[in-house]
Amino acid sequence: MDVVDTTSTLSVATSDDTERAPRRSSTAPAGLVIGGAACLSASAMFVKLADITAGTAAFLRCALALGILVPLLVHEIRRNGRLARRLQGYAALAGVFLGIDYVMWTMSILDVGAAVATVLINVQVIAFPLLARLIGGTVMSRRFLCTTPVMLGGITLASGALQGGAEDGSPVRGTLLGVGAGVAYAAYLYLNRLSGERSPVHVVTPVCISTAAAAVTAGVVGMFTTGITLSMSPASWGWIIALALLGQVAAWLLISTGTPQLAPNTSAALLLLQPVMAMGCGLLILRETPTAWQLAGCVVVIAAVWFSHRTPRKGADSGP
């Protein structure tokens with residue numbers, strides 16, 4: 001589902017590595033990030049096509065992904081050793097928030113549609129810096145503070161909550177669930193960043209631990225909310241397997257590999273392709289028909305996120 005922290009492992013390169021490594025083209029890592037964003041953008045479509053409960057989709061996307069991630073984890077441990085126990089704890093706690101995010105976001109998809117739900121979860125670009133400020137004392141830029149009300153306004157428009165007579169779903173509930181998923185996702189990103197910064201050689205391990213914790217969390221939450229069933233049609237199994245392989249395994253490994261080799265602002269700009277691609281999937285494949293106001297809200301959110309994270313020119317206002 002959703003937008004990823006792009007600064008998690010940028011600060012870990014040593015001076016020796018900098019001296020030894022020649023300047024490389026950003027084309028390859030940019031391609032990895034774009035590929036990861038494409039996989040994430042298709043996640044909502046897979047959920048909608050699977051036509052199963054939110055709890056089932058959230059649980060199975062993680063549980064099935066472990067079949068690929070565990071062998072990769074064993075290989076990484078043999079090559080680079082074990083991840084520090086404290087960092088394993090961060091990854092596990094991050095997975096708890098990820099599991100909550102998945103259940104809420106999947107329910108949001110069923111209420112407001114795949115495209116709009118993917119835009120709504122981008123509230124994490126507001127929640128993540130706030131968490132970093134409150135917990136880590138990271139200073140927020142004036143540009144970000146000025147665009148936050150614009151983002152919130154765009155989210156309100158995109159949700160359709162201001163329009164009466166919704167035909168299907170529940171736009172207000174879907175909006176609240178989408179925003180809640182974005183906050184949970186921001187908590188996941190913050191905790192995941194701690195692991196990435198301290199041990200950049202471990203790419204698979206944090207993803208695998210978080211995915212396992214997310215599977216347990218989604219399973220527990222799903223049992224007490226929407227229910228979990230394994231009795232599905234072959235078509236539903238096919239879509240949920242695609243969700244696990246692309247939306248969980250491929251997306252996170254591609255993004256985790258590509259982002260450390262790019263400037264943070266470049267990564268952020270590339271990941272903004274995710275809601276755009278999701279909107280395209282919703283329109284072309286799922287035949288979703290958001291209103292003109294919802295489309296305008298999506299454009300406002302994407303533009304505000306891009307503006308708040310772009311690199312200001314020298315002398316421009318970028319202070320706290």
Checklist line | Side chains of L87 and H202 in contact at under 4.5 Å (non-hydrogen atoms) | finding: no
Notebook entry, point to check: Counting N and O atoms only, with roles assigned by atom type, does the side chain of S108 sit under 3.5 Å from a partner on the main chain of A117, one being a donor and the other an acceptor?
Noted result: no
Notebook entry, point to check: Can you check whether G247's main-chain N or O pairs, donor with acceptor, with R61's side chain at less than 3.5 Å?
Noted result: yes
Checklist line | pair L60-L230: side-chain heavy atoms closer than 4.5 Å | finding: yes
Next item on the list: May I have all residue pairs that pass salt bridge (Lys or Arg N to Asp or Glu O under 4.0 Å) and include part of residues 36-49, sequence neighbours excluded?
Entry: K48-E288
Notebook entry, point to check: If you round to the nearest 0.5 Å, how far is OG1 of T211 from CG of L64?
Noted result: 11.5 Å
Next item on the list: State, with a plain yes or no, whether a side-chain heavy atom of T225 is found less than 4.5 Å away from one of M104.
Entry: no
Next item on the list: Let me see the working for Y188 and W252 under ring-ring contact (aromatic ring centres under 6.0 Å, His included), right down to the final yes or no.
Entry: CA-CA 13 Å; Y188 162 76; W252 291 113; 5.6 Å; yes
Margin query: Going by side-chain contact (heavy atoms from CB on, under 4.5 Å), V96 matches just one of V216, T217, L191. Which one?
Written below: T217
Check: Rounded to the nearest 0.5 Å, how far does OG of S199 lie from CZ of R86?
Finding: 13.5 Å
Note to self: Tell me whether S210 contacts the main-chain N or O of A92 through its side chain, where contact means a donor paired with an acceptor under 3.5 Å.
What the structure shows: no
Check: S41 side chain to A38 main-chain N or O, any donor-acceptor pair under 3.5 Å?
Finding: yes
Note to self: Side chains of T226 and T106, heavy atoms from C-beta outward: is any pair under 4.5 Å?
What the structure shows: no
Show me the side-chain donor-acceptor pairs of residues 236-245 shorter than 3.5 Å, one per line, residues at least two apart or across chains.
| from | atom 1 | to | atom 2 | distance (Å) |
| --- | --- | --- | --- | --- |
| S236 | OG | A50 | O | 2.7 |
| S236 | OG | S233 | OG | 3.1 |

Margin query: Taking the side chain as everything from C-beta on, heavy atoms only, tell me whether W105 gets closer than 4.5 Å to L177.
Written below: no
Item checked: Separation between CG of L40 and CD of Q248, rounded to the nearest 0.5 Å -> 9.0 Å
For a quick test of your reading: what N or O donor-acceptor pairs under 3.5 Å do the side chains of residues 66-76 make, sequence neighbours left out?
| from | atom 1 | to | atom 2 | distance (Å) |
| --- | --- | --- | --- | --- |
| E76 | OE1 | V204 | N | 3.3 |
| E76 | OE1 | T205 | N | 2.8 |
| E76 | OE1 | T205 | OG1 | 2.6 |
| E76 | OE2 | V203 | N | 2.9 |
| E76 | OE2 | V204 | N | 2.9 |

Item checked: Atom CG of N80 with >12 non-hydrogen neighbours under 6.0 angstrom -> yes
Note to self: Looking at F46, I'd like to know if its CZ atom is crowded, meaning that more than 12 non-hydrogen atoms belonging to other residues, nucleotides or ligands lie closer than 6.0 Å.
What the structure shows: yes
